[in-house]
Amino acid sequence: MGAGASKNTDGEFNESDEDGQLYVSLKMENRKLTGELVPHVFGSLPLVGSWDSSRALSMERESVSMWELSFVVPPNHETLDFKFLLKPKHSNAPCIVEEGPNRLLIRGALQEDTRLALFRLENAEVLEYQVFVKVDRVSPFDLAASWRAYQENFRPSSVRGIPDVSINSEPHTGGENGSFVGDLDPEHYVVPAPSTSVNSIVYTANMTESPRSPVVGSGCSTNSIRDVDVPVDRPTTFKGMEIIVPDPSTVCQGSGLVESKSVGTFTALQKQDGQRGYFVDRGVGSPRLVKSGSTTFTTNLNLETDTKNSMPAAAGAVAAAAVADQMLGPKEDRHLAIILVGLPARGKTFTAAKLTRYLRWLGHETKHFNVGKYRRLKHGTNQSADFFRADNPEGMEARNEVAALAFEDMISWMQEGGQVGIFDATNSTRKRRNMLMKLAEGRCKIIFLETICNDVNIIERNIRLKIQQSPDYAEEQDFEAGMQDFKNRLANYEKVYEPVEEGSYIKMIDMVSGHGGQIQVNNISGYLPGRIVFFLVNTHLTPRPILLTRHGESQDNVRGRIGGDTAVSETGQLYAKKLANFVGKRLKSERAASIWTSTLQRTILTASPLVGFPKIQWRALDEINAGACDGMTYEEIKKNMPEEYEARKKDKLRYRYPRGESYLDVIQRLEPVIIELERQRAPVVVISHQAVLRALYAYFADRPLKEIPHIEVPLHTIIEIQMGVSGVQEKRYKLMD
Ligand SMILES: Nc1ncnc2c1ncn2[C@@H]1O[C@H](COP(=O)(O)OP(=O)(O)O)[C@@H](O)[C@H]1O
Ligand SMILES: O=P(O)(O)OC[C@H]1O[C@@](CO)(OP(=O)(O)O)[C@@H](O)[C@@H]1O
């Protein structure tokens, strides 16, 4: 492995070397010994056992007399205390710790370069080893290369504890306490999920917006709709591009895995705190716009009431983009309509629901309008395939009418403060789309989102799902008759289907499997459309579980202190073992599964008994940064910082700890984690913290932002999210009382 930089003459690394991580190589040599005593290293980091000699790292034999151990120091633990110790190879005799003070490594520099390690044996004999310590700063690319080498050779990297990616493949012996009794099934631990949980979210039309306008037996003038035939506004410049989504199996593995992003949006805003500028960032995560030249803007930060013209409940990039749109963009650009296009059973409703959930979670006011729901309310649920014939004028008029009703509802909602409307219907002819463009003129920006699927097996599966789930077939007793009717309906649409070639559009072509497929993008620009494309590129339908759990109880949890970076308590250790056992059983046939932790030791320690899976540390999974309150109890905050305590109580979502984070900040930095969870096709176990898991869970459970800080995420409980072809399901396992 190459070094990204090395020490300067003072033994310290230059500031410019900050990006890399410390790569420590330790060697011990004794020419007289036979190897009955195995040298180990233990020290202050979890990586080297947190001063627990039973978890000391064993050195490996490099030659007859030389022992070696290399590891990479996590970036937030650049002070490392350690010592060498000797463990008898074949007996249970106590280990022998080296004499003298701890060895201290600060930012890559050894404080006292003691070249000898002395060990006093029981018979007072002293063993002497030569010690060699080498420290390099390694670039993240080298770490990634090491991981790739591991992937290619399928053998453990010689470097221990690569902080972002590691694997421990030794079989887990399991402790008495941690083992399941006999062959106990994970199902034994299932507990009912709280009533507010996901349980099961099926992405169907009934989750969508209910009509605001009186739909039944009324509606707007059908003439005005029937007669609309607007010429297509071709963009003067054609900004076409095509993104071919490669099959990940052909892409260099690991490059995505080692990425450990932390989107620290809060720092930039903090810098502006107190300065004369646009943003006042005090206490809440969303910026309050106070000044722009001679104009004064105020934005409403109340989530519950009057959302009219309010900024989205968001921090960082989302808020910045919204401010820019509000100040600079044309009026209609403040509202975006994503108009789905596609034949029936092509995943339009599914995609619309997923996108709605994602955008809401990021803080964009988003609603999903499903024209089918309007149609059923106005015309009933049992229309036959004939209703959908293009040469049936009554059917066409009725369908255009409900489409216009739903569109008008969407526009009215936007005018009351809504930002993104997702308009879900086939919209499969140019004429229908022209009608919608006319209705949108001067009121909102439009992007067409077309879902195309050429895989007959997937289409067949989708049709079956439709007959099972769609209210259109709820009363159909004969499944095969339902299938036939739906196929006839499809054929009616196919006859007149015109793929989108006009305006701004995104086409998803055969994207279901998550490998291969295409996304075509035309005339797309701006922050939000860009995020939408990125999200869609990364989503797929491969079923897989995501297991979310907090770390085992930490020492700070026992003391009631927030934040910090303490180790796990004894109870926490027991949970770690139980978790390892559980995951081993639950994912026993899933060798591609991976374990994600934060960079804090309580999650790393919780993951440590889990063997045989790659482990990835994400800074983005670190607990909410409690800033000036880190390490305090809630009582202490109440007593010593009563204003902070009250401000948080009032608005826990937006409250930002002094020099720390708000829940909205946490959501922002978790976005790459969500994208990666969507992209992964194998199971993932996420071991993280209360606030972070609240935010992640809210995404899957589609819970409103304002609820996030109050979601229950108990210790020692696993929340299993099953991503599937019809939506998301939840199951909870409680491993300890
Ligand atoms: N991009 C896609 N292409 C094909 N099938 C999809 C896609 N996305 C989701 N699906 C699958 O299609 C099924 C039916 O989707 P649905 O959204 O009800 O179809 P539509 O709204 O197009 O009639 C979903 O349950 C899902 O399994
Ligand atoms: O937002 P609140 O409800 O304070 O919960 C977050 C708090 O949960 C704690 C425990 O009190 O998380 P965790 O132990 O899961 O890392 C604190 O560290 C953190 O500040």
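Counting starts at 1 for both ligands and their atoms, in listed order. Because the structure is predicted, anything quoted here is derived from the model rather than measured.
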Can you find an N or O of Ala345 that's nearer than 3.5 Å to an N or O of ligand 1? yes
Any N or O on Phe350 sitting closer than 3.5 Å to an N or O of ligand 1? yes
Mind checking whether Lys466 has a heavy atom under 4.0 Å from ligand 1? yes
Look at the rings of Phe535 and Tyr699 and say which category their plane angle falls in: under 30° parallel, 30 to 60° tilted, over 60° perpendicular. perpendicular
What about Ile458: any of its N or O atoms under 3.5 Å from an N or O on ligand 1? no
Is there a donor-acceptor pair closer than 3.5 Å between any side-chain N or O of Asn522 and the backbone N or O of Gly503? yes
Report yes if Ser726 has an N/O atom closer than 3.5 Å to an N/O atom of ligand 1; otherwise report no. no
Can you find an N or O of Thr349 that's nearer than 3.5 Å to an N or O of ligand 1? yes
Strictly distance-based, threshold 3.5 Å: is any side-chain N or O of His335 a donor or acceptor partner for the main-chain N or O of Gly418? yes
For atom 10 (N) of ligand 1, state which one of Leu541, Ile463, Asp510 supplies the nearest heavy atom. Leu541
Would Tyr733 and Glu720 satisfy side-chain hydrogen bond (donor to acceptor under 3.5 Å, both in side chains), going step by step from the backbone distance to the final call? CA-CA 8 Å; Tyr733 305 90; Glu720 178 176 319; 3.1 Å; yes
Does an N or O anywhere in Thr451 fall below 3.5 Å from an N or O of ligand 1? no
Taking a cutoff of less than 4.0 Å between a non-hydrogen atom of the residue and any ligand atom, is Pro344 in contact with ligand 1? yes
Counting from 1 in the order shown, the ligand 1 atoms closer than 4.0 Å to a non-hydrogen atom of Leu465 are 25 (O), 27 (O)
I want to know whether Phe423 and Phe369 have ring centres closer than 6.0 Å. no
When you compare ligand 1 with Lys348, is there at least one nitrogen or oxygen pair between them that comes in under 3.5 angstrom? yes
Using a 4.0 Å heavy-atom cut-off, which part of Val512 comes near ligand 1: side chain, backbone, both, or neither? side chain
Would you call Glu401-Lys378 a salt bridge at under 4.0 Å N-O? yes
salt_bridge(Glu365, Arg360) N-O dist < 4.0 Å: no
Ligand 1 to Val725, heavy atom cutoff 4.0 Å, flagged ligand atoms 24 (C), 25 (O), 26 (C), 27 (O)
For the student: nearest non-hydrogen atoms of Gln419 and Arg334, plus distance: CG-O, 3.6 Å
Where do Asn462 and Ala345 come nearest, in terms of heavy atoms and distance? ND2-O, 3.0 Å
